[in-house]
Amino acid sequence: MKPSIPQGTRDFSPAEVRRRQYIFNTLRIIFELYGFQPLETPSMENLTTLTGKYGEEGDRLIFKILNNGLHEKKDADKDKLNSEWNNILSKPYSTPVVTERALRYDLTIPFARYVVMHQNELAFPFRRYQMQPVWRADRPQKGRYREFWQCDVDMVGSTSLINEAELLCIYQSAFQKLKVPVTIKVNSRKLLAALAELCGMPEKMVDITIAMDKLDKIGWVGVANELKERGISDDGIWQIERVINVKGTNQEKLVAYSDIMQHSAVGMEGINELSKTLAYFGNLEPGIGNLDGKSNIVVDISLARGLNYYTGVIVEVVCSSEAVKMGSIGGGGRYDDLTGLFGLKGLSGVGVSFGIDRIYDVMEELNVFPEQLVEGTKAIILNFGGDNETYALQILQQLRAANIAAEIYPDAAKFDKQMKYANKRGIAYVLLPGDEEREKNMVSVKNFVTGEQKMVPVEEAITLLRV
RNA sequence: GAGAUUGUAGCUCAGUUGGUUAGAGCAUCAGAUUGUGGUUCUGAGGGUCGCGGGUUCGACCCCCGUCAGUCUCCCCA
């Protein structure tokens, strides 16, 4: 049989894992610096925990797990199973009778579930970060996988906009550290709601936002067409155009919006929140987060996050390098009542997510991974068999005791085969314990980069390799 | 869910209007070289041409179906 892996999944080679771990470690250090604590949740959740949280499209993309032991059901249950099966075949539908569990779709909903389940143990505001894979039954394409990793930072139990500002700081310092130039777009769901009001169609907010979100991609004409198709009136489209045409600094934009939206309570609230967030951010900003004196935080009213649980400030990160074509590499926002879905009312949260796989792809394209990530084996001991092998093992033991990553070629294979192996592995030093070396209680150390070789006592070899 | 495109050796790919036994590079193994790698040289192994059907004297090539990968739209990280 021909080996293969499921569509949209990948193997990670040793070099790739090292580079991915570099990203994880960089983020982890920042998250910890900001006082967040690690959390992990199961790969699978009860299906009912996930459904209805990600919108209609999202529900379709949840990977469901077929229940086990269906053939063992009693006859009455089998009748139920048959009728439910017909439902599944005729429409988008799921039922615990067939699929009780599903793979996690993101990290936010499982987090909310966790908070509700453990509310009595937690100190609020609760801050956590989480780095785990998620699964989506999407059609894979460039930058889109069926299994991919997210790194989420969230806090619940506080409505302070300091939280929003801190998350912006985390984004800024993380991408600065990773050497990825980014634009961090911010907007507010409340501005979008106000815009829908302005159009006289508050119920069309989702349609409006989906269309506007494509502004970068298809331009204003394309957006206007889509708005029309989605049933927005000409007057509404004109209102939207007016808002989109607002240019200038973040401050200037907010002033202009407050002029346009002065009669909308929710709009003014959104503007107020955005300007407060930016003011807090100004106090916290972790350094030069910009290249040309301009901040890389940009108020962008066309930004619309897909997930429908966001209620306040929303944020999205895109790579600002012209050379890279990639969608968003991170996003997040404020959700006022996420835990309410699980019965815990009045707990507000805000969080952002890093799309690790896309960040990896972008860093690869920009060629910004550090050259020397983690050294693997530092020295390999060649195997000359017999007494020399025993001698080699003694040296190996001493190297490891001295905390030097070392290995032995396990077979007494032909010399040049062992050398070629060391070369292919890119190991820095080769140790040769042969007859002569053993008799003198020494070892030959060959620097595989320079080709230089000398015979020294074992202790000296250890000192040499420790450097 | 809709569309485009690709499928030939372990990998990357050639393959003439449809014509004997399907090729190359890399990789692997063996040898030149039983204690000196990266560069050479010689040789060897390795293919149901994704799968099934059809057209034809004859199909890797043309037609139909099917499966898989990649990409685009939708949507999203």
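All values derive from a computational prediction rather than experimental measurement.
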Can you check the [X] [atom1] to [N] [atom2] distance for me, whole Å?
X	N	atom1	atom2	answer
A:Glu452	B:rG37	CD	P	17 Å
A:Lys214	B:rU72	NZ	P	15 Å
A:Asn383	B:rU36	CG	P	17 Å
A:Tyr421	B:rA27	OH	P	18 Å
A:Lys420	B:rG35	NZ	P	14 Å
A:Glu436	B:rG35	CD	C1'	10 Å
A:Asp207	B:rC74	CG	C1'	14 Å
A:Phe148	B:rA77	CZ	P	7 Å

Backbone N/O of A:Val206 and side chain of A:Thr209: donor-acceptor pair under 3.5 Å: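 It does hold such a pair.
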Indicate yes or no for a side-chain donor-acceptor contact from A:Asn187 to the backbone of A:Leu303 under 3.5 Å, with no hydrogens or angles considered. yes
Categorize [X] for me: base, sugar-phosphate, or nothing, with a 4.0 angstrom heavy-atom threshold over every strand shown.
X	result
A:Gly451	base
A:Gly434	base
A:Asp357	nothing
A:Arg10	nothing
A:Leu61	nothing
A:Glu316	nothing

If we take the [atom1] atom in both [N] and [M], what is their distance in whole Å?
N	M	atom1	value
B:rG69	B:rU8	C1'	15 Å
B:rG18	B:rA77	C1'	49 Å
B:rU34	B:rC71	P	49 Å
B:rC13	B:rU17	C1'	24 Å
B:rA44	B:rC57	C1'	37 Å
B:rA22	B:rA14	C1'	11 Å
B:rU6	B:rU66	C1'	16 Å
B:rC49	B:rA9	C1'	10 Å

Around atom NZ of A:Lys142, are there more than 12 heavy atoms from other residues, nucleotides or ligands closer than 6.0 Å? no
Considering only heavy atoms and no angle criterion, is a donor-acceptor pair shorter than 3.5 Å present between the side chain of [X] and the base of [N]?
X	N	result
A:Gln453	B:rG37	no
A:Lys414	B:rU34	no
A:Asn423	B:rG37	yes
A:Arg144	B:rC71	no
A:Arg358	B:rC76	yes

Tell me which nucleotide among [options] gets nearest to the side chain of [X].
X	options	result
A:Met419	B:rC75, B:rG69, B:rG37	B:rG37
A:Lys424	B:rU28, B:rG35, B:rC74	B:rU28
A:Phe384	B:rG69, B:rC74, B:rG35	B:rG35
A:Arg139	B:rG37, B:rC75, B:rG3	B:rG3
A:Lys446	B:rG35, B:rG37, B:rU72	B:rG37

Side chains of A:Thr108 and A:Asp154: do they bring a donor and an acceptor to under 3.5 Å?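 Short answer, no.
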Using purine N1 to pyrimidine N3 plus N6-O4 or O6-N4 for Watson-Crick, or N1-O2 and O6-N3 for G-U wobble, both under 3.5 Å, which nucleotide pairs with [N]?
N	result
B:rG19	B:rC57
B:rA4	B:rU70
B:rG25	B:rC11
B:rA30	B:rU42

A:Tyr22 and A:Phe369 aromatic ring geometry - parallel, tilted or perpendicular at 30°/60° bounds: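 If you compare the ring of A:Phe369 with that of A:Tyr22, the planes turn out perpendicular.
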Parallel, tilted or perpendicular, judged at 30° and 60°: which one describes the rings of A:Phe354 and A:Tyr171?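 Ring orientation, 0 to 90° scale: perpendicular.
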Can you name the one residue among A:Phe63, A:Tyr54, A:Trp135 that meets ring-ring contact (aromatic ring centres under 6.0 Å, His included) with A:Tyr105? A:Tyr54
Heavy-atom nearest pair, A:Ile404 first then A:Leu465, reads CD1-CB, 3.8 Å
Below the 4.0 Å mark, does B:rG69 have OP1 or OP2 next to a side-chain nitrogen or oxygen of A:Gln7?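 Checking A:Gln7 against B:rG69: at least one side-chain N or O falls below 4.0 Å of OP1 or OP2.
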Can you tell me if A:Gln150 touches the phosphate of B:rA77, counting only side-chain N or O atoms and a distance under 4.0 Å to OP1 or OP2? no
Select from A:Gly143 and A:Arg60 the residue whose nearest nucleotide in RNA chain B is closer to the 5' end of that strand.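 Closest to the 5' end, via its nearest nucleotide, is A:Arg60.
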Pick the closest RNA chain B nucleotide for A:Thr9 and for A:Ile218 by heavy atoms, then say which residue is nearer the 5' end.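 Its nucleotide being nearer the 5' end, the pick is A:Thr9.
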Nearest 0.5 Å, what's the CG-CZ distance between A:Asp361 and A:Arg144? 13.5 Å
Compare the ring of A:Phe354 with the six-membered ring in the base of B:rA77 and state whether they stack (centres under 5.5 Å, planes under 30°). no
